[in-house]
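Beneath this line is the structure, given in structure tokens, with notes to follow.
In this text, all values refer to a predicted model and were calculated from it rather than measured experimentally. Residue numbers start at 1 and run along the sequence shown.
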Amino acid sequence: QLEESPIVHRLLLHAGNHLLQQGEAQTAVSFYRKALEANAAYQEARNNLAWVLATHPDENVRNGEEAVRIMTHALGESPPGAFTLLDTLAAAYAEDEQFDKAVETATLAVESARAADRQDVEARIKNRLRLYRDRQPFRDR
């Protein structure tokens, strides 16, 4: 059966990513949730779900509290230096109006990206960090 296939969670993630690119954020969120139902430890699905919940321009899609909960759990299961997950957690904190935590977490993400020699990612996180210091959440396009 398809539901038992070890690749179903990846298919659901890719479908969610495609839907998000097509402007179907609510449906994408449901696919990310289904990917997590298929594989509760699927970090990429957690990260994508939390990113949308934290940064989507539509306030009806966003849920900062849930995004924080998802990413706090995800980071508990991740190796140190997970700059992408830290970046998402920082965005979630900012959406949840926990700006001090957003600044602290984004700073860790910048340091982690720098240590991994990812200047491209480091620069993007630094731009978001400026928003958090100004007590503003980040909105994705």
Side-chain angles (χ1 to χ4, degrees), residues 1-116 118-141:
Q1 266 189 329
L2 181 62
E3 293 83 22
E4 296 170 8
S5 171
I7 65 163
V8 74
H9 61 279
R10 288 189 297 238
L11 294 171
L12 290 165
L13 174 83
H14 291 297
N17 291 345
H18 178 74
L19 287 160
L20 187 62
Q21 289 173 347
Q22 300 302 311
E24 299 291 331
Q26 293 283 15
T27 308
V29 163
S30 71
F31 272 76
Y32 294 145
R33 291 184 197 287
K34 288 177 184 178
L36 287 170
E37 287 172 18
N39 180 351
Y42 195 19
Q43 292 290 49
E44 192 174 355
R46 281 187 196 169
N47 189 71
N48 289 12
L49 174 59
W51 183 259
V52 172
L53 294 175
T55 68
H56 197 274
D58 183 348
E59 68 182 40
N60 296 313
V61 174
R62 292 192 311 270
N63 183 333
E65 185 179 333
E66 182 182 1
V68 167
R69 190 170 51 253
I70 291 166
M71 292 316 297
T72 302
H73 182 72
L75 278 160
E77 298 178 4
S78 293
F83 53 84
T84 301
L85 300 178
L86 289 167
D87 183 28
T88 301
L89 178 58
Y93 279 138
E95 172 57 25
D96 199 38
E97 298 182 356
Q98 298 182 54
F99 292 105
D100 293 338
K101 286 185 178 182
V103 168
E104 178 183 330
T105 305
T107 301
L108 289 173
V110 166
E111 292 167 2
S112 178
R114 183 179 304 127
R118 292 293 308 271
Q119 289 98 0
D120 56 329
V121 176
E122 180 184 350
R124 287 195 301 270
I125 298 169
K126 280 182 177 178
N127 287 334
R128 290 188 274 277
L129 179 55
R130 287 184 193 97
L131 288 171
Y132 309 152
R133 285 186 175 133
D134 289 340
R135 306 190 75 70
Q136 296 177 29
F138 172 75
R139 295 290 171 253
D140 211 352
R141 292 183 204 145

CG of L36 to OH of Y42: how many Å apart, nearest 0.5 Å? 9.5 Å

Kindly give the heavy-atom pair with the smallest separation between A102 and A90, and that separation in Å. CB-O, 3.4 Å

Would you compute the distance between atom CD1 of I70 and atom CD of E66 and round it to the nearest 0.5 angstrom? 4.0 Å

For residues 132-139, run the donor-acceptor check on the side chains, cut-off 3.5 Å, and write out each pair with its distance to 0.1 Å, sequence neighbours left out.
residue, atom, partner, partner atom, Å
R139, NH1, A54, O, 3.4
R139, NH1, E95, OE1, 2.9
R139, NH2, E95, OE1, 2.6

Scan D140, T84, T88 and name whichever one has a side chain to side chain donor-acceptor pair (under 3.5 Å) with W51. D140

Which value, rounded to the nearest 0.5 Å, describes the distance between H73 atom NE2 and L75 atom CG? 10.5 Å

Flag, side chain of S30 to backbone of T27, donor-acceptor distance under 3.5 Å: yes

The side chain to side chain contact (heavy atoms under 4.5 Å, CB included) partner of L53 among N63, D96, N48 is N63

Heavy-atom pair of closest approach, residues V8 and A38: CG1-CB, 3.7 Å

Stepwise side-chain contact (heavy atoms from CB on, under 4.5 Å) check, N47 with M71: CA-CA 7 Å; N47 189 71; M71 292 316 297; 3.6 Å; yes

Nearest 0.5 Å, please: how far is CD in E104 from CG in L86? 10.5 Å

Pairing residues for E122 by the side chain to side chain donor-acceptor pair (under 3.5 Å) criterion, not counting sequence neighbours: R114, K126

Apply salt bridge (charged side-chain N to carboxylate O under 4.0 Å, His left out) to R118 and list each qualifying residue two or more places apart in sequence or on a separate chain. D120

Who passes side chain to side chain contact (heavy atoms under 4.5 Å, CB included) against A28, sequence neighbours left out? L19, L20, Y32

Please enumerate all residues that pass side chain to side chain contact (heavy atoms under 4.5 Å, CB included) together with D58, with sequence neighbours excluded. H56, N60, V61

With sequence neighbours excluded, what pairs up with E111 under the salt bridge (charged side-chain N to carboxylate O under 4.0 Å, His left out) test? none

Counting distance only, does the side-chain N/O of T105 pair as donor-acceptor with the main-chain N or O of K101 below 3.5 Å? yes

Taking R62 for its side chain and P57 for its backbone only, find out whether a donor-acceptor pair lies under 3.5 Å. yes

Which value, rounded to the nearest 0.5 Å, describes the distance between N39 atom CG and I7 atom CD1? 13.0 Å

Rounded to the nearest 0.5 angstrom, the CD-CG distance for Q98 and L89 is 9.0 Å

Do N127 and R130 have a side chain donor and acceptor closer than 3.5 Å? yes

